[in-house]
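What follows is a single structure, written as structure tokens, with notes after it.
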Amino acid sequence: MSDAPDQPVTQASPAPRRSRQARVVWGERVVTVGGDAPVRVQSMTNTDTVDVIGTAIQVKELAIAGSEMVRITVNTPEAADAVPAIREQLDRMGIDVPLIGDFHYNGHRLLSEHPACAEALSKYRINPGNVGKGEKRDRQFGQMIEAACRWNKPVRIGVNWGSLDQELLAQMMDDNSRRAQPWDAKQVMYQALIQSALQSAQAAREMGMDPNQIIISCKVSGVQDLISVYQGLAERCDYPLHLGLTEAGMGTKGTVASATALSVLLQQGIGDTIRVSLTPQPGEARTQEVVIALEILQALGLRHFNPSVTACPGCGRTTSTTFQELAKEIDDFLRAQMPVWRGQYAGVENLKVAVMGCIVNGPGESKHADIGISLPGTGEAPAAPVFIDGEKALTLRGDNIAAEFHAIVENYIRQRFGHAA
Ligand code: SF4
């Protein structure tokens with residue numbers, strides 16, 4: 001035993017954020033980013049923007065999945081012309097999610113020459129590494145900021161490791177070589193990413209942009225690099241920060257890398273909006289990146305979107321897959337019902353359900369949940385006690401346990417949350 005004083009263990013929770021607050025607006029819909037706003041979830045389409053219907057449908061799917069802003073590529077005059085048509089289509093479908101235009105190389109021209117596009121977008125993403133070189137760079141960046149000021153739109157100054165301003169980096173490398181104790185090349189890179197973003201933000205402010213209309217991101221593809229850069233960024237500015245691990249990859253690798261990097265930063269109070277940049281596996285829905293982003297925020301206790309299902313992993317004490325099937329069925333059922341329940345049952349997203357595999361942890365974990373079931377493990381009596389609000393309420397037996405538990409959960413939701421609606 002250590003000599004630690006007899007004090008309660010401090011409960012971990014995300015540190016408070018201290019950023020300014022930007023507003024991303026479409027019609028009546030206002031998505032606040034930063035300040036005391038919840039950490040926002042955003043995503044990006046992978047359709048050809050010229051395909052108005054295909055893009056509008058994907059934006060709708062992403063919005064319904066929980067994306068609070070959706071970014072679309074605006075890379076050609078045809079794509080710029082498609083933007084107001086996509087917006088109109090979404091409005092007709094009753095989807096008011098703000099659209100963000102993603103610009104590279106020619107954003108200054110597209111925003112100036114396609115005013116309907118500039119107006120239909122709710123925010124512009126500007127990559128300072130891709131706005132031109134030399135003398136053209138400042139002029140073209142200025143044109144984009146002018147458009148943002150004219151249309152009263154916020155911007156995200158989004159620096160990316162893969163397209164960092166090479167002139168700035170070369171200059172900083174030169175300066176570094178003259179230091180008495182030169183920094184590590186990676187540290188110069190971190191500094192260059194941060195400076196590129198903050199110098200651009202400062203330039204935008206000098207052109208008249210309201211600092212509350214500026215959001216910053218500096219995306220890299222390594223977990224420790226992302227943590228380093230954002231910690232540095234958070235120390236140096238109070239702009240709202242958009243977090244995301246760029247090119248996170250596919251499947252489990254991309255999911256784990258994104259969740260790891262984002263969770264560390266969010267726990268430190270860094271990050272006001274997130275995107276999980278997942279490469280979809282063949283046949284996988286684009287909405288998967290939104291599902292993961294919501295799960296990250298919910299796991300950290302930053303936001304609640306869906307009821308949570310606690311399920312044990314199973315072990316040698318479970319010889320059948322019954323409890324796995326039941327856990328999945330309940331989870332699928334809760335998710336499928338949520339779009340309807342959200343409007344019907346206020347607070348239902350805070351529900352906790354436990355589906356456990358045997359008597360070892362089953363009753364205990366079930367008592368911690370609002371409603372829980374402890375299924376019989378190998379050799380246990382074929383009975384499944386159900387716990388409601390911490391008390392054993394009844395025991396299910398026979399072949400119909402899944403369906404009966406399903407009905408019990410539904411009934412519980414109706415009784416507990418029906419009155420609060
Ligand atoms: S609750 Fe039982 S079945 Fe589930 S992991 Fe623990 S010991 Fe194994």
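Every number for a ligand or one of its atoms is a count from 1 in the order of the listing. All values derive from a computational prediction rather than experimental measurement.
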**OP:** Pull out every atom of ligand 1 sitting under 4.0 Å from any heavy atom of T318, numbered as shown with elements.
**Re:** 3 (S)
Subject >> atom 4 (Fe) of ligand 1 reached by C315 (N, O or S, under 2.8 Å) >> reply: no
Original post:
Which ligand 1 atoms, with their elements, are less than 4.0 angstrom from a heavy-atom of R317?
Top reply: 7 (S)
Subject >> Single hit among I296, L297, L302 for side chain to side chain contact (heavy atoms under 4.5 Å, CB included) with S263 >> reply: I296
Subject >> Per-atom contacts, ligand 1 versus N361 - under 4.0 Å to a heavy atom >> reply: 1 (S), 6 (Fe)
Original post:
Under 3.5 Å, is there a donor-acceptor pair between the K352 and H368 side chains?
Top reply: no
Original post:
Looking at R156, K123, R71, R275, which one forms a salt bridge (Lys or Arg N to Asp or Glu O under 4.0 Å) with D102?
Top reply: R71
Original post:
Is a side-chain donor-acceptor pair under 3.5 Å present for R205 with Q202?
Top reply: no
Subject >> Metal proximity, C358 vs atom 8 (Fe) of ligand 1, N/O/S cut-off 2.8 Å >> reply: no
Original post:
Which residue supplies the protein heavy atom nearest to atom 4 (Fe) of ligand 1, what is that atom called, and how far is it?
Top reply: C312 SG, 2.3 Å
Original post:
By number and element, which atoms of ligand 1 are closer than 4.0 Å to a non-hydrogen atom of V360?
Top reply: 7 (S)
Original post:
Do Q231 and Q268 get their side chains close enough for a donor-acceptor pair, meaning under 3.5 Å?
Top reply: yes
Original post:
For the ring pair F333 and W341, is the centre-to-centre distance below 6.0 Å?
Top reply: yes
**OP:** Check if G314 has a non-hydrogen atom at a distance under 4.0 Å from any atom of ligand 1.
**Re:** yes
